[in-house]
Amino acid sequence: MPNRAPSFPRYLNPLPHSGFWGTLAFEPPCVRMLFRMDSLCLAQTLFSIAEIMGESVSIKIDDNTYLPNFGFVIFSDRENNYESDVIENKGISKKELIKALEKDGIINIFDVKANNKRTFVDCLLNRNVDIESLYHLIRKSIPMLPSRRRAKSFLNVLSYTTTENATKLLCQKSMRRIGLMNRFIFIKDNLLNRDDSFNETFETIIKTSLQISKKHKETIFRITASDKNDIDSNCNNINLMLKEIPFIKDNIRNLSELYRSTSIKIYCILRFLKKDSFPNSPNWAWSHADVLARKLINEKIYLLEKISKNKLLYKNLSEFLKPREIIASREIQRKFQYADKAVLHSYINHFLELEILSKQLCTRFKGKKLPQLFHVVGERIDTDGGIKWELYPPSVMIQDF
């Protein structure tokens, strides 16, 4: 009998099938390079490609038109992400942002976290009379499928902030109410996992993007009926996976919608990068976009898990059961009466499946119903999840293309 119990799934499976990597052999080098990047490098690259594409490349779905623009929020606890002599951060004001959003065209926001400088995230956290109008302008600027495009302005954001600010932003009720959390991907800036070859790879991809952009002044990618079926199939799979992660139960719809829009935008970028290469190769674009979108969504799941009340409930329940040998069901219910009952029951069922708990059915004695009891196998209670957080398994990181 193992000493530690398996934990719930904590992120989306990053690979759709075992033969996935073989499909990349048909792709041009600049596409294959995207799959060797960590999440932060991928976000920086996608932001830069979208900046190059601007309004010249769009996605047509029925009567709606969308641009492959993104909302990335990079968070860390380090004081600076860049050396001050490399990039001069002038900061950004809410007033300037509102003025820019009211004009036509793409708005590219790349700002770093530095002392005494206001970032894009700082603008969102600044509560005042005009913040509601700012929220709505941003919502229009980062359209989400299947919402209709209502404004000509578009935001393409790569903003650096602190972990504390990123957490505050996720907890904003007003942000959730108007759907802004469906539009932003949060990524942890992990310096230890930084790919040393990123600069060279990045320059290669950007050079290719510029060449394609100059050659094709305006490009429209149309989403066909077959494409829609692929989108729906991928979204259904993602929904099933998300439902298995109880720590983000309150954010399943948010994450599902974010996955949908992100995968479509990445699909557009992959098609763009393949435009002049291997025209007769099999079209794996949807499965490839699916993998990259999962990788980015996993990053947001990481932060949501950190602030999840459901995860705290899981830990408290584990600690509550650990010293006991036998416990009544009603005692658990009374102890955790504040908790979401569905989540609490899912944890109990999880422990039963793992044989951490064994259930004694309710019986009657002299006309009275005795309480349902659980026997606890204390040495198998796992209070910290028992799984190291890995957004990408080591086998994927060392894959040789």
Side-chain angles (χ1 to χ4, degrees), residues 11-50 52-53 57-59 61 66-70 72 145 185 187 195 198 201-202 204-206 208-209 212 219 221-224 226-239 241 255-256 258-300 391-393 395-401:
Y11 57 93
L12 298 173
N13 178 7
L15 294 177
H17 54 79
S18 58
F20 170 79
W21 294 109
T23 65
L24 284 176
F26 296 97
E27 303 301 333
C30 58
V31 170
R32 296 201 300 270
M33 288 174 180
L34 294 175
F35 292 85
R36 304 185 68 173
M37 295 180 173
D38 63 27
S39 300
L40 176 56
C41 296
L42 177 62
Q44 292 172 325
T45 305
L46 292 176
F47 169 85
S48 298
I49 296 173
I52 291 170
M53 293 164 70
V57 180
S58 58
I59 312 164
I61 303 179
Y66 302 90
L67 300 183
N69 53 327
F70 297 92
F72 293 117
L145 295 168
I185 296 172
I187 296 176
D195 188 348
F198 168 66
T201 303
F202 175 80
T204 301
I205 295 175
I206 296 307
T208 302
S209 301
I212 296 173
T219 303
F221 294 107
R222 299 187 183 277
I223 302 296
T224 65
S226 175
D227 291 332
K228 288 182 181 178
N229 290 336
D230 289 333
I231 296 170
D232 291 339
S233 175
N234 288 343
C235 286
N236 289 337
N237 290 335
I238 292 298
N239 266 315
M241 290 185 204
L255 292 168
S256 179
L258 182 61
Y259 163 82
R260 183 184 183 92
S261 60
T262 302
S263 62
I264 289 173
K265 291 174 180 182
I266 292 177
Y267 167 80
C268 177
I269 286 178
L270 293 177
R271 289 281 304 275
F272 175 76
L273 292 176
K274 291 172 58 175
K275 200 159 184 62
D276 293 333
S277 305
F278 305 107
N280 298 320
S281 67
N283 184 13
W284 303 99
W286 280 117
S287 63
H288 292 164
D290 172 51
V291 169
L292 294 178
R294 290 186 194 199
K295 184 174 182 177
L296 294 173
I297 299 302
N298 276 341
E299 292 276 3
K300 188 167 185 178
L391 291 174
Y392 240 41
S395 59
V396 174
M397 292 299 295
I398 63 174
Q399 180 73 26
D400 183 12
F401 297 115

### Query
Looking only at heavy atoms, which two atoms of W286 and N234 are closest? And how far apart?
O-ND2, 4.0 Å

### Distance-only polar pair, side chains of Y259 and D290, donor-acceptor under 3.5 Å
yes

### Task
Show your working on side-chain contact (heavy atoms from CB on, under 4.5 Å) between L46 and L296 and close with a plain yes or no.
CA-CA 11 Å; L46 292 176; L296 294 173; 3.9 Å; yes

### Query
Taking all non-hydrogen atoms of both residues, which atom of I269 and which atom of P68 are closest, and how far apart?
CG1-CB, 4.2 Å

### Task
Report the relative orientation of the aromatic rings in F35 and H288; use parallel for angles under 30°, tilted for 30 to 60°, perpendicular for over 60°.
perpendicular

### Task
Would you check if the side chain of N239 reaches a backbone N or O of N236 as a donor-acceptor pair within less than 3.5 Å?
no

### Query
Could you go step by step and tell me if R36 and T201 meet the side-chain contact (heavy atoms from CB on, under 4.5 Å) rule?
CA-CA 9 Å; R36 304 185 68 173; T201 303; over 6 Å; no

### Query
Quick one: CD1 on I59 to OG on S261, what's the gap to the nearest 0.5 Å?
9.5 Å

### Query
Is there side-chain contact between R260 and D232, with heavy atoms separated by less than 4.5 Å?
yes

### Close side-chain approach of V31 to F26, heavy-atom, < 4.5 Å
no

### Query
Is I223 close to I231 at the side-chain level, that is, under 4.5 Å between some pair of heavy atoms?
yes

### Query
So, do K300 and T262 sit near enough that their side-chain heavy atoms are less than 4.5 Å apart?
no

### Task
For L34 and L273, work out which heavy atoms get closest and say how close.
CD1-CD1, 4.0 Å

### Message
T224 vs D227, test: side chain to side chain donor-acceptor pair (under 3.5 Å). Steps then yes/no.
### Response
CA-CA 5 Å; T224 65; D227 291 332; 3.1 Å; yes

### Query
Does N13 offer a backbone N or O that forms a donor-acceptor pair with the side chain of R294 under 3.5 Å?
yes

### Query
Rounded to the nearest 0.5 Å, how far does CZ of F221 lie from OG of S58?
9.0 Å

#### Entry: side-chain contact (heavy atoms from CB on, under 4.5 Å) between I264 and I61, worked out
CA-CA 10 Å; I264 289 173; I61 303 179; 4.3 Å; yes

### Task
Taking all heavy atoms of A285 and all of L270, pick out the closest pair and write down the distance.
O-CD1, 3.7 Å

### Query
Could you go step by step and tell me if I297 and M241 meet the side-chain contact (heavy atoms from CB on, under 4.5 Å) rule?
CA-CA 12 Å; I297 299 302; M241 290 185 204; over 6 Å; no

### Query
Hey, are the side chains of I49 and I206 touching, using non-hydrogen atoms and a 4.5 Å cut-off?
yes

### Query
Are K295 and P14 close enough that some pair of their side-chain heavy atoms sits under 4.5 Å apart?
no

### Query
Can you tell me how far CG of N298 sits from OG of S39, rounded to the nearest 0.5 angstrom?
8.0 Å

### Task
Grab the two heavy atoms, one from C268 and one from V57, that are nearest each other, plus how far apart they are.
SG-CG1, 3.7 Å

### Message
So which atom in A43 and which in F72 form the shortest heavy-atom distance, rounded to 0.1 Å?
### Response
O-CE1, 3.5 Å

### Query
For C41, does its backbone N or O pair with a side-chain atom of T45 as donor and acceptor, under 3.5 Å?
yes

